[in-house]
Amino acid sequence: MLILGLESSCDETSAAVVRMENGKRQILSNIVASQIEIHRLYGGVVPEIASRAHIEAISGITYRALDEAGVKLSDIGAVAVTSHPGLIGALIVGVNFAKSLAFANNIPLVAVNHVKAHVAAAYLEYPELEPPFTAMVVSGGHTSIYEISSYTDFKTIGSTRDDAAGEAFDKVARVLGMPYPGGAEFDRVSYGGNPLAVNLPSPALSGDNLDFSFSGIKTAALNYINSAKQRGEEPDVGDLAASYTHAIVKAIVKKASAALDRTGSRTLVLAGGVAANSHIRRELGAMCERRGVRLCVPSLSLCGDNAAMVAAAGFFEYEIGNLASVDLNASANDNM
Ligand code: KG4
Ligand code: ZN
């Protein structure tokens with residue numbers, strides 16, 4: 001069956017057509033219109049501007065996705081839309097567009113959780129992947145660990161108590177003058193420094209838990225920058241980026257390993273925008289290899305926000321009959 005996916009939870013408007021049948025998972029089109037250039041002027045996402053940009057883009061993007069896939073609306077078996085969590089004004093645009101399209105054309109509608117969609121990107125990349133497994137979602141809004149028992153059942157076993165890893169990277173990158181969103185540039189710059197040069201607190205919370213806190217490391221990095229400036233010196237950007245990345249990656253690997261101990265899973269899925277980080281991919285890969293666990297990480301284009309992952313997650317909700325109706329509402333909250 002063909003699923004039309006729609007995504008508008010943050011600063012990417014995306015539409016995709018995905019074929020899901022008989023174990024086959026094929027992306028026919030996946031158009032992503034990024035608003036990054038618009039928000040870069042302000043150093044971060046401006047919610048009101050994001051909503052307006054989604055309104056302007058969503059219809060054109062959707063018909064482009066259908067064209068590129070070589071299909072018509074009448075071929076679509078279900079419309080899947082991200083309904084939560086995210087920026088409420090941005091989500092409302094996608095949800096209302098999807099509702100109108102579905103009901104005007106008599107197509108079933110499915111509401112999708114954005115975090116579940118990030119994990120579903122792995123099903124597109126690894127067609128033979130199936131639950132149960134453990135998943136770690138690291139993005140601009142999330143740093144969470146899930147025990148996944150079926151395509152639709154997620155149990156949260158760990159999460160951040162404050163900021164997400166992506167926010168932590170973006171904040172320090174911004175103070176260092178890197179353009180928004182700084183995560184990818186930070187990744188590149190971190191190769192030019194010593195990962196043990198700056199002493200920073202670990203974002204892995206101590207004790208028998210799978211939780212994180214990024215506020216301490218963020219503040220310590222900002223203090224390092226400010227003290228250098230107060231001495232009339234420039235902070236060593238390479239050393240700071242390398243040390244900051246090292247501390248975050250170490251915490252992620254430590255908690256992922258503890259999660260595998262707890263769940264006994266033989267497969268770990270890494271997903272979300274921050275899963276593009278080269279150090280996290282390499283170090284989690286090494287940890288999984290030592291343990292004989294299979295690591296599944298989507299390719300870079302499926303790590304960031306995109307509608308193909310929404311379509312994939314939507315298919316599994318459709319399969320269990322979890323359909324939405326005209327009274328579907330967007331929600332900023334993260335109820336799984
Ligand atoms: O999943 P995503 O596209 O949006 C949310 O759902 O939040 O994630 C965006 C986040 C941003 O914080 C961005 O800086 C970060 O992913 N990111 C990275 C890298 N590439 C993107 N963070 C670290 N290293 C990267 N290579
Ligand atoms: Zn996302």
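Every number for a ligand or one of its atoms is a count from 1 in the order of the listing. Quick caveat: nothing in here was measured; it's all calculated off a predicted structure.
Aromatic ring centroids of Tyr123 and Phe315 lie 6.0 Å or more apart.
Phe212 contributes atom CZ, which lies 12.0 Å from atom CD1 of Ile217 (distance to the nearest 0.5 angstrom). How far OG1 of Thr13 is from CD1 of Ile61: 6.0 Å, rounded to the nearest 0.5 Å.
The parts of Asn277 lying near ligand 1 are both backbone and side chain, judged by heavy-atom distances below 4.0 Å. Contact annotation for Asp170 and ligand 1: only side-chain heavy atoms (C-beta onward) come within less than 4.0 Å of the ligand. The part of His114 lying near ligand 1 is the side chain, judged by heavy-atom distances below 4.0 Å.
Judged by distance alone, the side chain of Arg291 and the main-chain N or O of Ser257 form a donor-acceptor pair under 3.5 Å. A distance-only check finds a donor-acceptor pair linking the side chain of Asp162 to the backbone of Phe214 [under 3.5 Å]. Checked by atom type and distance alone, the side chain of Ser8 pairs as donor or acceptor with a backbone atom of Ala90 at under 3.5 Å. Put simply, the side chain of Ser243 gets close to the backbone of Asn194: a donor and an acceptor are under 3.5 Å apart.
When the salt bridge (Lys or Arg N to Asp or Glu O under 4.0 Å) test is applied to Arg19, the partners found at least two apart in sequence or on another chain are Glu21.
Near Gly304, meaning under 4.0 Å from any of its heavy atoms, are these atoms of ligand 1: 3 (O). Proximity to Pro181 (heavy-atom distance under 4.0 Å) selects the following atoms of ligand 1: 14 (O). Shown in contact with Ala276 at under 4.0 Å from a heavy atom are these atoms of ligand 1, numbered in order with element: 20 (N), 26 (N). For ligand 1, the atoms closer than 4.0 angstrom to any heavy atom of Gly166 are 12 (O).
The protein atom (non-hydrogen) at minimum distance from atom 3 (O) of ligand 1 is Asp305 N, 3.2 Å. Closest protein heavy atom to atom 15 (C) of ligand 1: Val274 CG2, 3.8 Å. Nearest protein neighbour of atom 26 (N) of ligand 1, counting heavy atoms only, is Asp187 OD2, 3.0 Å.
You'll find the side chain of Leu302 reaches within 4.5 Å of the side chain of Ser299, heavy atoms only. The shortest side-chain heavy-atom distance between Tyr146 and Val115 falls under the 4.5 Å cut-off.
Within the protein, the number of N/O/S atoms found under 2.8 Å from the Zn ion (ligand 2) is 3.
Remark: the Thr152 side chain and the Glu317 side chain contain no N/O donor-acceptor pair separated by less than 3.5 Å. Inspection of the His118 and Ser139 side chains reveals no N or O donor paired with an N or O acceptor under 3.5 Å.
Ion pairing between Glu48 and Arg52 holds under the 4.0 Å rule for side-chain N and carboxylate O. Between Glu128 and Arg294 a salt bridge is recorded (basic side-chain N to carboxylate O distance below 4.0 Å).
On a distance-only criterion, Gly140 and ligand 1 share at least one N/O pair closer than 3.5 Å. By the 3.5 Å distance cut-off applied to N or O atoms, Gly141 is counted among the residues near ligand 1. At least one N or O atom of Gly183, backbone or side chain, sits closer than 3.5 Å to an N or O atom of ligand 1. Distances between N or O atoms of His118 and those of ligand 1 include at least one value under 3.5 Å.
Here the shortest heavy-atom distance to atom 8 (O) of ligand 1, taken over Gly273, Ala121, Cys303, belongs to Gly273.
Ligand 1 lies nowhere less than 4.0 angstrom from a heavy atom belonging to Cys10.
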